[in-house]
Amino acid sequence: MSGVSRGLELSKIIFIGRTFEEYIKMFDLTIEEIPRLKILDAPAGACSFTAVANAKGGDVTAIDLAYFHPVDELYGKGQEDIQQAVSGLAKAKENFVWETFEDIASLESNRQRALEDCIAHMKISPDRYIPCVLPDLPFSDEQFDLTLSAHFLFMYADRLDFSFHLQVIKELLRVTKKEVRIFPLVDLMSNRYENLDAIKEAVHELGWKTEERLARYEFQRGANSFLRIYRD
Ligand SMILES: C[S@@+](CC[C@H](N)C(=O)[O-])C[C@H]1O[C@@H](n2cnc3c(N)ncnc32)[C@H](O)[C@@H]1O
């Protein structure tokens, strides 16, 4: 089995996602602007942003390598992963800010709600959930107005290197007309991503501008800002 196929094994995927409301706060969006934008969520995992945004009149597409697996298997894996995450968090409560969720039970019910909404929407609108493996996206140039990428790139700086980050960001920019937002700017230990300046320089050379913005959201302590890559 090749490296890529091994990465696609369901046991290797953690199928967890945030809620629509968390995305709105972490990317400093407004609910009113959602229906005006064609949005890509990459990778979206078990996030409910696509489900809820489309129900509100939005035009949102999600991609993830997990979507190669049947929906019912993803649902079972998602439930196991929520239990695993919740017991891990209970041992490291002080690394998190308990405002968005007042306690572990509230966190668990929100992760469960995201999973349920995502799975229900996958069943009625499978065309909104595209299986693919970054850094390649099966979309044409400038197909989306706004591309969002949460809890993936810089968060896993220990296992995804600079060259992969840059390849993915260039691909996100290729399919995007106006703006890409990446959250957060720290890794799992809450250290700022060390190559952020180099990423910014590289995208400036491609003619894009950048800005670091504070999110209206902080759960992992220190994970409270996102990078806007935009052009006028
Ligand atoms: C931590 S989840 C984030 C989900 C969502 N963005 C959120 O914030 O809740 C990371 C996701 O990245 C997906 N993933 C990892 N490597 C990938 C790749 N090379 N291409 C596409 N998806 C990938 C995993 O399957 C997983 O669902």
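Whatever order the structure lists them in is the order used to number ligands and atoms, beginning at 1. The figures that follow rest on heavy atoms only: side chains count, while hydrogens, waters and symmetry mates do not.
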Donor-acceptor check, side chain of [X] to backbone of [Y], threshold 3.5 angstrom: yes or no?
| X | Y | answer |
| --- | --- | --- |
| Asp145 | Lys178 | no |
| Glu171 | Leu137 | yes |
| Arg181 | Arg228 | no |

Could you see which bit of [X] sits under 4.0 Å from ligand 1, with heavy atoms only: side chain, backbone, both or neither?
| X | value |
| --- | --- |
| Tyr23 | side chain |
| Ile13 | side chain |
| Ala114 | neither |
| Ala46 | neither |

Any ion pair linking Lys209 and Asp232 (charged N to carboxylate O, less than 4.0 Å)?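 Yes, Asp232 and Lys209 are salt-bridged.
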Could you verify whether a donor N or O on one side chain and an acceptor N or O on the other, from Gln112 and Glu116, lie under 3.5 Å apart?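 Side chains of Gln112 and Glu116: pair found under 3.5 Å.
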Is there a donor-acceptor contact under 3.5 Å linking the side chains of Glu99 and Tyr217?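 No, no side-chain donor-acceptor contact under 3.5 Å.
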If you measure from each heavy atom of Phe152 to ligand 1, is any distance below 4.0 Å?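 Contact check Phe152 vs ligand 1: positive.
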Looking only at N/O atoms, are Pro43 and ligand 1 under 3.5 Å apart anywhere?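 N/O-N/O distance below 3.5 Å exists for this pair.
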Below the 3.5 angstrom mark, is there an N/O of Ala150, backbone or side chain, next to an N/O of ligand 1?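 The answer is yes, given that Ala150 and ligand 1 share an N or O pair closer than 3.5 Å.
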What verdict does the side-chain contact (heavy atoms from CB on, under 4.5 Å) test give for Phe226 and Leu148, after you've listed the backbone C-alpha separation in whole Å, the side-chain angles of each residue and the deciding distance to 0.1 Å? CA-CA 10 Å; Phe226 63 90; Leu148 306 174; over 6 Å; no
Nearest candidate to atom 11 (C) of ligand 1, where distance is taken over non-hydrogen atoms, out of Leu65, Asp64, Leu137, Val133: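 Result: the heavy atom closest to atom 11 (C) of ligand 1 is in Asp64.
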Nearest heavy atom to atom 8 (O) of ligand 1 wins, so pick from His151, His69, Glu22.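 Checking each option, the heavy atom nearest atom 8 (O) of ligand 1 is found in His151.
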Find all atoms of ligand 1 within a distance of less than 4.0 Å from any non-hydrogen atom belonging to Ile16, and give their numbers and elements.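 Once the distances to Ile16 are compared, the set is 4 (C).
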Atom 19 (N) of ligand 1 - nearest protein heavy atom and its distance: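 Result for atom 19 (N) of ligand 1: Leu134 O, 3.1 Å.
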Quick one: look up the protein heavy atom nearest atom 4 (C) of ligand 1 and list residue, atom name and how far away it is.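 Among all protein heavy atoms, the one nearest atom 4 (C) of ligand 1 is Ala44 O, 3.6 Å.
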List the steps, then state whether side-chain contact (heavy atoms from CB on, under 4.5 Å) holds for Gln220 with Met155. CA-CA 11 Å; Gln220 180 190 316; Met155 181 141 257; 2.7 Å; yes
